[in-house]
Amino acid sequence: MAFKQRVFSGVQPTGNLHLGNYLGAIVKFVALQERYDCIYCVVDLHAITVWQDPVELPRATREVTAAFLACGIDPKKHIVFNQSQVAEHAELAWIFNCVARVGWLNRMTQFKEKAGKDRENASIGLYSYPTLMAADILVYRATHVPVGEDQKQHLELSRDIAQKFNNDFADSIRAHGYDEAFFPQPEPLIQGPATRVMSLRDGSKKMSKSEPSDYSRINLTDSADDIAQKIRKAKTDPEALPSEEKGLESRPEADNLVGIYAALAGTAKADVLRQFGGGQFSAFKSALADLAVAKLGPVGAEMKRLVQDPAYIDSVLADGAQRARVMASDTMKAVRDIVGFVHS
Ligand code: TYM
């Protein structure tokens, strides 16, 4: 069966949103609104796989929502909500825990990185995190998932889970009159020059919320001065910028800054190098700082304005959750039939 094309993606409400989240995910979310029905979720159930302060979590949830809105996501035409308000995510995740294999989850590099050396002490939620991700996507039978490069492996697991569910329950799916491919194979959308934005201090490390140095990242709520200063201080090498992309090989910091410029300007790295190649790094950095401030300044200002009105944000989330619930409960009714649960 041809599935209705639908976009789903999520962002965790943990710490500050940064340029990696913006270029790798949120900018794409905004663009996809033109062509698809989109569902964008603040994944608070995922956030608590590591400890979250219960006083801080609602603030962070509202801040991510504010970022979605400030960047131009339209919560009337599309759906914006927080995950814990739609219980079907957790319900389907349980069923997927019984479909996915331990061997599959053991291969997940993000778990290995996040659990670190003290794996015995990691939460079970952190280990089964990708099955909840699969449930997020498949409870809406979403077909397209915009994410940064770091989520690729989780998306592959979602595809494996969808396929195994369809195979394991093939007879029951048919017996209940559903289409053979009950769940679609969700397609990751990982494109453009900034699918993996790197730390400004170390071009071999991903820009992340958990990196201790704030100079490693640009936060969406940073002031213009902070943005400019972080770019000025960003690590580079002594060479001038090359004129062609090949010249960026084995120059991770230069490659990263050129990628950031291209993504912010909506062009390709080759275009950026055509303009700045051969010139001094300092001139390029000051152009990059101007561009970053011009793009991020208004977003940060609008986020700050929106978070002043938590009642409005909560009403957006409640409305989105209500509409999401209708779709999710439809899927879950069918899943209960297929698995063989007696239900009313
Ligand atoms: P999270 O909250 O870590 O990140 C949100 C999005 O930002 C992208 N991203 C980056 N992109 C480029 N460069 C970077 N340095 C960078 N850092 C983060 C992430 O790839 C992501 O797209 N597991 C997900 C949230 C999630 C989800 C889902 C996503 C839960 N359920 C279902 C898609 C579909 C996560 O932790 O993202």
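In listed order, ligands and their atoms are each counted from 1. Residue numbers start at 1 and run along the sequence shown.
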Is a side-chain N or O of Arg35 found less than 3.5 angstrom from the main chain of Gln33, in a donor-acceptor match? no
Quick one: does any side-chain atom of Arg217 pair with a main-chain N or O of Ser208 as donor and acceptor, under 3.5 Å? yes
Applying a heavy-atom cut-off of 4.0 Å, say which part of Asn21 lies close to ligand 1: side chain, backbone, both or neither. both
Classify the contact between Met198 and ligand 1 as side chain, backbone, both or neither, using a heavy-atom distance cut-off of under 4.0 Å.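 Neither part.
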Are [X] and [Y] close enough that their ring centres sit under 6.0 Å apart?
{"X": "His46", "Y": "Tyr129", "value": "yes"}
{"X": "Phe284", "Y": "Tyr261", "value": "yes"}
{"X": "Phe3", "Y": "His144", "value": "no"}
{"X": "Tyr178", "Y": "Phe169", "value": "no"}

Nearest to [atom], what protein heavy atom do you find, and at what distance?
{"atom": "atom 13 (N) of ligand 1", "value": "Val197 N, 2.8 Å"}
{"atom": "atom 31 (N) of ligand 1", "value": "Asp136 OD2, 2.6 Å"}
{"atom": "atom 6 (C) of ligand 1", "value": "Ala25 CB, 3.6 Å"}
{"atom": "atom 32 (C) of ligand 1", "value": "Phe8 CE2, 3.5 Å"}
{"atom": "atom 12 (C) of ligand 1", "value": "Thr195 O, 3.2 Å"}
{"atom": "atom 37 (O) of ligand 1", "value": "Gln151 NE2, 4.0 Å"}
{"atom": "atom 28 (C) of ligand 1", "value": "Met133 CG, 3.3 Å"}

Given Gly10, Ala135, Gly20, which one has a non-hydrogen atom that is nearest to atom 11 (N) of ligand 1? Gly20
Counting only heavy atoms, tell me which of Asp150, Val147, Ile26 gets closest to atom 20 (O) of ligand 1.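 That would be Asp150.
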[atom1]/[X]: more than 12 non-hydrogen atoms of other groups inside 6.0 Å:
{"X": "Lys295", "atom1": "NZ", "result": "no"}
{"X": "Lys152", "atom1": "NZ", "result": "no"}
{"X": "Lys205", "atom1": "NZ", "result": "no"}
{"X": "Glu244", "atom1": "CD", "result": "no"}

For residues Val30 and Leu32: do they belong to one hydrophobic cluster (side chain heavy atoms under 4.5 Å, members Ile, Leu, Val, Met, Phe, Trp, Tyr)? yes
Backbone or side chain, does any N or O of [X] fall under 3.5 Å from an N or O of ligand 1?
{"X": "Gln110", "result": "no"}
{"X": "Tyr129", "result": "yes"}
{"X": "Val11", "result": "no"}
{"X": "His154", "result": "no"}
{"X": "Val145", "result": "no"}

For [X], take its heavy atoms, then give the atoms of ligand 1 lying under 4.0 Å from any of them.
{"X": "Gly24", "answer": "11 (N), 12 (C)"}
{"X": "His46", "answer": "30 (C), 31 (N)"}
{"X": "Lys206", "answer": "15 (N)"}
{"X": "Lys209", "answer": "2 (O)"}
{"X": "Met207", "answer": "15 (N), 17 (N)"}
{"X": "His18", "answer": "17 (N)"}
{"X": "Gln12", "answer": "2 (O), 35 (C), 36 (O)"}

For Val7 against Ala142, the heavy-atom pair lying closest together: C-CB, 4.4 Å
Does NZ or CZ of Arg141 fall inside the cone over Phe182's six-membered ring, less than 6.0 Å from its centre and within 45° of the axis? yes
Test item: side-chain donor near acceptor, Thr61 and Asn82, under 3.5 Å: no
